[in-house]
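Ligands are counted one by one from 1 in listed order, and the atoms in each one are counted from 1 as well.
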Amino acid sequence: MALARNILRTRTLVGSFRHYSSGTKLLDVSVNDENGFATVTMNRPPVNSLNLEFLTEFCNVLTDLDRNKSRGMILTSSSNKVFSAGLDILEMYKPQPERFKAFWNSLQEAWIKLYGASFPTVAVINGHSPAGGCLLAMSCEYRIMLNKFTIGLNETQLGIVAPPWFIKTMQNTISKRDTELALTTGRLFKTEEALKVGLIDEIASDKAQALSQAEAFLNRFEMIPPIARAYTKTYLRGADIQELQKNREKEVGATLSLVAQPKVQQGLEFYLAMLKNKKEAK
Ligand code: CO8
């Protein structure tokens with residue numbers, strides 16, 4: 001609610017775009033007045049990792065777009081290297097139970113709102129998109145990716161397990177067989193490989209081209225009654241959303257227990273150190 005108010009308060013007119021910025025600027029929202037499409041740009045440097053504050057704000061943006069009967073949303077990143085590095089590993093490393101519960105709850109909420117959004121959604125993947133980043137992209141209805149990046153659910157590489165609804169989302173995007181092969185090995189697909197397996201729908205040479213391809217996708221719905229579109233999407237995705245809805249609290253507790261296990265903590269510590277070493281070696 002607070003964010004929705006902030007968004008409305010800070011909106012300014014720039015050309016034919018209305019730019020919104022939320023209080024903390026973790027996400028930028030601009031609406032094209034000519035076609036009504038909203039571009040939501042993730043802006044949490046350096047890698048758009050998903051922490052409690054980011055996810056809470058993301059949920060508020062999605063609620064606001066829904067209330068305003070958005071004609072379509074393009075999700076992208078302000079970085080030219082990373083779409084999203086997935087969940088903020090620091091939310092899982094040495095977790096404080098109350099904060100972790102709020103964090104996981106906000107992740108569930110963000111997925112429910114994005115996966116079930118009544119308006120059409122498209123991801124412009126202009127950088128690497130591992131794990132939770134891949135989940136965000138897959139939760140959109142269409143994906144356009146730039147060359148030379150990677151995307152996939154690599155959780156097993158970290159010694160953690162992608163939750164069933166992450167898996168379902170991938171299974172609803174590519175085949176069950178390809179999902180199994182990708183998940184058990186924690187595979188990150190290069191852009192061309194992702195296209196081949198159907199994990200993305202189109203490749204673009206740069207962000208401007210990707211944004212224009214995204215608008216072309218959203219324009220496909222120009223003559224489709226929104227209510228018919230929304231119901232059809234619910235019939236396709238609703239059962240998986242309900243499955244999570246009925247188990248939300250239980251899943252929060254089970255995930256905390258899993259994450260808190262010493263072996264998992266050791267794995268995360270090792271992975272964080274590896275990221276640091278990689279940086280120092282650059
Ligand atoms: N969380 C927190 N910090 C991160 C993350 C992350 N996911 N990714 C990168 N960082 C940090 C790095 O440690 C580094 O920090 P610092 O500046 O303090 O040294 C900074 O961000 C920049 O990182 P890089 O130097 O690595 O940046 P690059 O541009 O070279 O590379 C990449 C970008 C490719 C995104 C790279 O950072 C990377 O591979 N990151 C890890 C991605 C990853 O494996 N994410 C998985 C997260 S887990 C998840 O999303 C699903 C969990 C499922 C549920 C589990 C329940 C049990």
Side-chain angles (χ1 to χ4, degrees), residues 26 42-55 58 76-95 97 99-111 114 125-139 145-170 179 182-191 194 244 247-248 250-282:
L26 295 173
M42 297 181 280
N43 184 32
R44 183 170 184 249
V47 292
N48 285 328
S49 63
L50 312 175
N51 72 348
L52 173 60
E53 288 72 21
F54 180 96
L55 289 165
F58 187 51
T76 190
S77 162
S78 63
S79 159
N80 57 11
K81 216 169 149 191
V82 183
F83 176 73
S84 164
L87 303 192
D88 189 330
I89 297 168
L90 299 173
E91 293 281 15
M92 299 182 282
Y93 180 58
K94 298 186 180 166
R99 166 128 188 148
F100 184 87
K101 285 180 194 165
F103 161 69
W104 199 261
N105 199 49
S106 70
L107 176 67
Q108 293 174 330
E109 190 69 25
W111 179 74
L114 179 61
I125 310 162
N126 57 328
H128 295 294
S129 192
C134 177
L135 180 77
L136 288 185
M138 289 191 303
S139 302
M145 187 166 167
L146 304 199
N147 268 310
K148 299 200 176 94
F149 294 120
T150 56
I151 182 168
L153 294 180
N154 60 325
E155 280 80 356
T156 51
Q157 284 192 29
L158 284 75
I160 50 180
V161 182
W165 41 286
F166 280 49
I167 297 176
K168 263 283 173 200
T169 309
M170 181 170 266
T179 300
L183 274 160
T184 48
T185 56
R187 179 172 177 190
L188 287 169
F189 295 83
K190 294 186 183 126
T191 306
L244 175 62
N247 290 315
R248 273 182 79 166
K250 208 166 135 199
E251 202 218 22
V252 171
T255 310
L256 176 58
S257 304
L258 179 66
V259 162
Q261 281 180 23
K263 273 224 158 94
V264 173
Q265 286 299 307
Q266 273 167 25
L268 292 175
E269 189 169 315
F270 179 80
Y271 196 74
L272 280 167
M274 192 206 73
L275 284 173
K276 273 245 168 317
N277 291 340
K278 185 194 85 175
K279 197 175 172 188
E280 276 156 21
K282 272 183 199 167

Return a yes/no value for Ile89: is any of its N or O atoms, backbone included, closer than 3.5 angstrom to an N or O of ligand 1?
yes
Within 4.0 Å of some non-hydrogen atom of Met92, the atoms of ligand 1 are 48 (S)
- prompt: Is atom 41 (C) of ligand 1 less than 4.0 angstrom from at least one protein heavy atom?
  reply: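 Under the 4.0 Å cut-off, atom 41 (C) of ligand 1 does have protein heavy-atom neighbours.
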Q.
Counting only heavy atoms closer than 4.0 Å, does ligand 1 sit against the backbone of Asp88, its side chain, both, or neither?
A.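 Asp88 to ligand 1: contacts from backbone and side chain alike.
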The answer for which part of Ala85 has a heavy atom under 4.0 Å from ligand 1 is both
Note: ligand 1 atoms sitting under 4.0 Å from heavy atoms of Gly86 are 50 (O)
Within 4.0 Å of some non-hydrogen atom of Val259, the atoms of ligand 1 are 57 (C)
Inset, instruction - For the pair Arg44 (side chain) and Ser49 (backbone), establish whether a donor and an acceptor sit closer than 3.5 Å, ignoring hydrogens and angles. - result: yes
Note: ligand 1 atoms sitting under 4.0 Å from heavy atoms of Pro130 are 42 (C)
Near Lys278 (heavy-atom distance under 4.0 Å), the atoms of ligand 1 are 24 (P), 26 (O), 28 (P), 30 (O), 31 (O), 36 (C)
Any heavy atom of Gln157 closer to ligand 1 than 4.0 angstrom?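 Gln157: no contact with ligand 1 (<4.0 Å).
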Open item on the list: I'd like to know if Arg99 pairs up with Glu53 as an ion pair, taking the criterion as any Lys NZ or Arg NE/NH1/NH2 lying under 4.0 Å from an Asp or Glu carboxylate oxygen.
Closed with: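 Between Glu53 and Arg99 there is a salt bridge, with a charged N closer than 4.0 Å to a carboxylate O.
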Query raised in the report: Distance-only, no hydrogens or angles: does the Asn154 side chain make a donor-acceptor pair with backbone N or O of Ala131 under 3.5 Å?
Result: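 Flag set: sc Asn154 to bb Ala131 pair under 3.5 Å.
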*With the side chain counted from C-beta on, respond yes when Cys134 and Leu136 share a heavy-atom pair under 4.5 Å apart, and no when they do not.*
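Of all side-chain heavy-atom pairs linking Leu136 with Cys134, none is under 4.5 Å.
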Among Val47, Leu50, Thr255, the residue with a heavy atom nearest to atom 56 (C) of ligand 1 is Thr255
> Between the side chains of Trp165 and Gln108, is a donor N or O closer than 3.5 angstrom to an acceptor N or O?
Replying inline: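 Absent: no donor and acceptor within the cut-off.
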Interfacing atoms of ligand 1 (cut-off 4.0 Å, heavy-atom, Leu158)
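Result: 44 (O), 46 (C).
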* Asked: Judged by non-hydrogen atoms, does Trp104 sit under 4.0 Å from ligand 1?
  ->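 A heavy atom of Trp104 does come that close to ligand 1.
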Which value, rounded to the nearest 0.5 Å, describes the distance between Glu91 atom CD and Leu268 atom CG?
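The CD atom of Glu91 sits 12.5 Å away from the CG atom of Leu268.
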Q. Is the shortest heavy-atom distance from the side chain of Trp104 to the side chain of Pro163 under 4.5 Å?
A. yes
- Message: Quick test of your reading of the structure: of Leu268, Leu258, Thr150, Leu256, whose heavy atom lies closest to atom 57 (C) of ligand 1?
- Response: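 The nearest heavy atom belongs to Leu258.
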Open item on the list: For a 4.5 angstrom cut-off between non-hydrogen side-chain atoms, does Thr169 reach Leu135?
Closed with: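 Side chain of Thr169 against side chain of Leu135, heavy atoms only: contact under 4.5 Å found.
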task = Return the option from Leu87, Leu272, Asn48 holding the heavy atom at the smallest distance from atom 7 (N) of ligand 1.
result =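 Looking at heavy atoms only, the winner is Leu87.
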Heavy atoms of Tyr271 and Ile89 approach each other most closely as CD2-CD1, 3.6 Å
Atoms of ligand 1 under 4.0 Å from any heavy atom of Pro46, numbered from 1 in the order shown, are 20 (C), 21 (O), 22 (C)
Margin query: Suppose I only count heavy atoms of Lys81 and a 4.0 Å limit; which atoms of ligand 1 are within that range?
Written below: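 Under 4.0 Å from Lys81, ligand 1 has these atoms: 29 (O), 30 (O).
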ask   = If every non-hydrogen atom of Leu50 is compared with every non-hydrogen atom of Phe103, which pair is closest and at what distance?
value =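 Closest heavy-atom pair between Leu50 and Phe103: O-CE1, 3.3 Å.
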